[in-house]
Amino acid sequence: PPGLILLSAAILIALPAAAVDLPEIQGRGSLRVIAAEGEQPRLHDLAAACPGPGLEREMLEGFARLKRLKLEVVPVKAFSDRIPALLRGDGDVIVGLVDTAERRKLIDFTAEVLPVRHLVVTHKPAAPVKSVEEFRKRKAGTIRGTTWSRETQAAGVPEDQVQYFPDTEPMLQALAAGRIDAAVMTISDYTLAVSRHPGLESGVLLGDPARAAWGVRKQDARLKAEIDAYIDNLRSAWHWAVEHGQV
């Protein structure tokens, strides 16, 4: 009957993606990495012909080589598209993701890749924002589906003072042109952005310390365990290199 067909279709649509995990990924021969098109290139550049791969690309390539996998990029238009794409089974790993309690309800996170703090940034000749109260009076730019947007909202900036952008570069260009007064970024993103936009200035810190990691599906326990071990080994190697003056 038509009603039964519609009900069956609704159930199928609601079902989560079939379990994949590392053995299935190795059987396929490729690790599919989800990244938003506006990711910071010095950290996350996943372009196949990139002359200077970003930090996370180098890390991912190392993990893929270790598991004899090809690295396959799955680009998504918006930052808010990343987790839905992972849950649909479009990819296996999300890069450039800040670990939050809200996101942990949907996906798991690997070991820490980078520590995270958020801060308010401005562009000369505008003065830096030195307090949360001052930030609330500014016209702020942000990106939907990011912790930048969450911290902007948590700071109490009125919604009618917030302008949304598709990704980082249009937001920074608007900041430089004076179309917005301030924006929230992580310290790591700000540090990299200054090389392209030297007029940027840092201001007040927002929120609590956090961490950036890679996102994986909750059912992919083997993949998470192997990535965690890989990241921990990298961290140990970096610490050894620092202690022995190799970097």
Side-chain angles (χ1 to χ4, degrees), residues 14-40 42-46 53-76 78-118 145-148 150 186 188-189 207-241:
L15 287 174
V20 180
D21 215 348
L22 187 58
E24 289 77 15
I25 292 170
Q26 290 176 311
R28 184 205 309 139
S30 66
L31 179 70
R32 300 171 303 171
V33 180
I34 298 169
E37 292 182 357
E39 295 281 12
Q40 286 275 15
R42 290 278 297 279
L43 283 175
H44 317 294
D45 199 329
L46 297 172
L55 169 66
E56 294 200 43
R57 182 187 177 96
E58 292 182 355
M59 293 174 67
L60 286 160
E61 285 178 337
F63 179 75
R65 282 195 300 270
L66 185 65
K67 301 302 176 184
R68 299 181 181 178
L69 296 169
K70 176 185 175 183
L71 194 66
E72 181 182 341
V73 181
V74 181
V76 294
F79 288 89
S80 57
D81 295 333
R82 295 173 297 177
I83 291 178
L86 180 69
L87 295 177
R88 285 196 305 269
D90 296 347
D92 308 308
V93 179
I94 304 174
V95 294
L97 202 61
V98 177
D99 184 350
T100 68
E102 295 81 8
R103 289 170 174 169
R104 278 188 173 272
K105 294 175 183 176
L106 300 172
I107 62 174
D108 276 344
F109 284 86
T110 65
E112 180 181 293
V113 174
L114 288 170
V116 170
R117 285 303 306 268
H118 293 82
T146 65
T147 53
W148 304 2
R150 183 195 65 181
T186 63
S188 58
D189 283 302
D208 297 322
R211 68 187 200 109
W214 297 340
V216 296
R217 285 178 294 269
K218 286 182 176 293
Q219 65 264 35
D220 293 352
R222 174 83 176 273
L223 176 62
K224 180 185 180 311
E226 294 287 341
I227 292 177
D228 285 349
Y230 171 73
I231 293 174
D232 287 344
N233 286 336
L234 279 183
R235 186 175 291 111
S236 297
W238 290 337
H239 288 167
W240 183 93

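Because the structure is predicted, anything quoted here is derived from the model rather than measured. In this chain, residues are counted from 1 in sequence order.
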Heavy-atom pair with the smallest gap, counting every atom of Arg82 and Val95
NH1-O, 3.9 Å
Taking all atoms of both residues into account, what is the closest heavy-atom pair of Val116 and Ala212, and its distance?
CG2-N, 3.4 Å
What distance separates Leu55 CG from Ser188 OG, expressed to the nearest 0.5 Å?
9.5 Å
Evaluate the side-chain proximity of Val113 to Met59: yes if any heavy-atom separation is below 4.5 Å, no if none is.
yes
Any side-chain heavy atom of Leu60 within less than 4.5 Å of one from Trp214?
yes
Would a 4.5 Å heavy-atom cut-off, applied to side chains only, mark Arg104 and Asp99 as touching?
yes
Taking all non-hydrogen atoms of both residues, which atom of Arg211 and which atom of Phe109 are closest, and how far apart?
NH2-CB, 3.6 Å
List the steps, then state whether salt bridge (Lys or Arg N to Asp or Glu O under 4.0 Å) holds for Asp228 with Lys224.
CA-CA 6 Å; Asp228 285 349; Lys224 180 185 180 311; 2.6 Å; yes
Heavy-atom donor-acceptor pair, Arg117 side chain to Thr186 backbone, under 3.5 Å
no
Just do the side-chain contact (heavy atoms from CB on, under 4.5 Å) check on Leu223 and Phe63 with the steps written out, would you?
CA-CA 11 Å; Leu223 176 62; Phe63 179 75; 4.1 Å; yes
Assess whether side-chain contact (heavy atoms from CB on, under 4.5 Å) is satisfied between Val98 and Arg103, documenting all intermediate values.
CA-CA 9 Å; Val98 177; Arg103 289 170 174 169; 3.9 Å; yes
From Asp92, Asp90, Asp108, residue fulfilling salt bridge (Lys or Arg N to Asp or Glu O under 4.0 Å) relative to Arg217:
Asp92
Nearest heavy atoms of Lys218 and Ile107, plus distance in Å
NZ-O, 3.7 Å
Less than 4.5 Å apart, any side-chain heavy atom of Leu22 and any of Asp220?
no
Thr100 and Arg150: CA distance, side-chain angles, deciding distance, side-chain contact (heavy atoms from CB on, under 4.5 Å) verdict
CA-CA 10 Å; Thr100 68; Arg150 183 195 65 181; 3.1 Å; yes
Is Val93 close to Val216 at the side-chain level, that is, under 4.5 Å between some pair of heavy atoms?
yes
State the OG-CD distance between Ser30 and Glu72, to the nearest 0.5 angstrom.
4.5 Å
With side chains defined as the heavy atoms from C-beta onward, is the minimum distance between Gln26 and Lys67 less than 4.5 Å?
yes
Heavy-atom pair with the smallest gap, counting every atom of Ala36 and Phe79:
CB-CD2, 3.8 Å
What are the two closest non-hydrogen atoms of Tyr230 and Glu58, and how far apart are they?
OH-O, 4.3 Å
Please round to the nearest 0.5 Å and tell me the distance separating atom CD1 of Ile83 and atom NZ of Lys105.
12.0 Å
With side chains defined as the heavy atoms from C-beta onward, is the minimum distance between His118 and Thr147 less than 4.5 Å?
yes
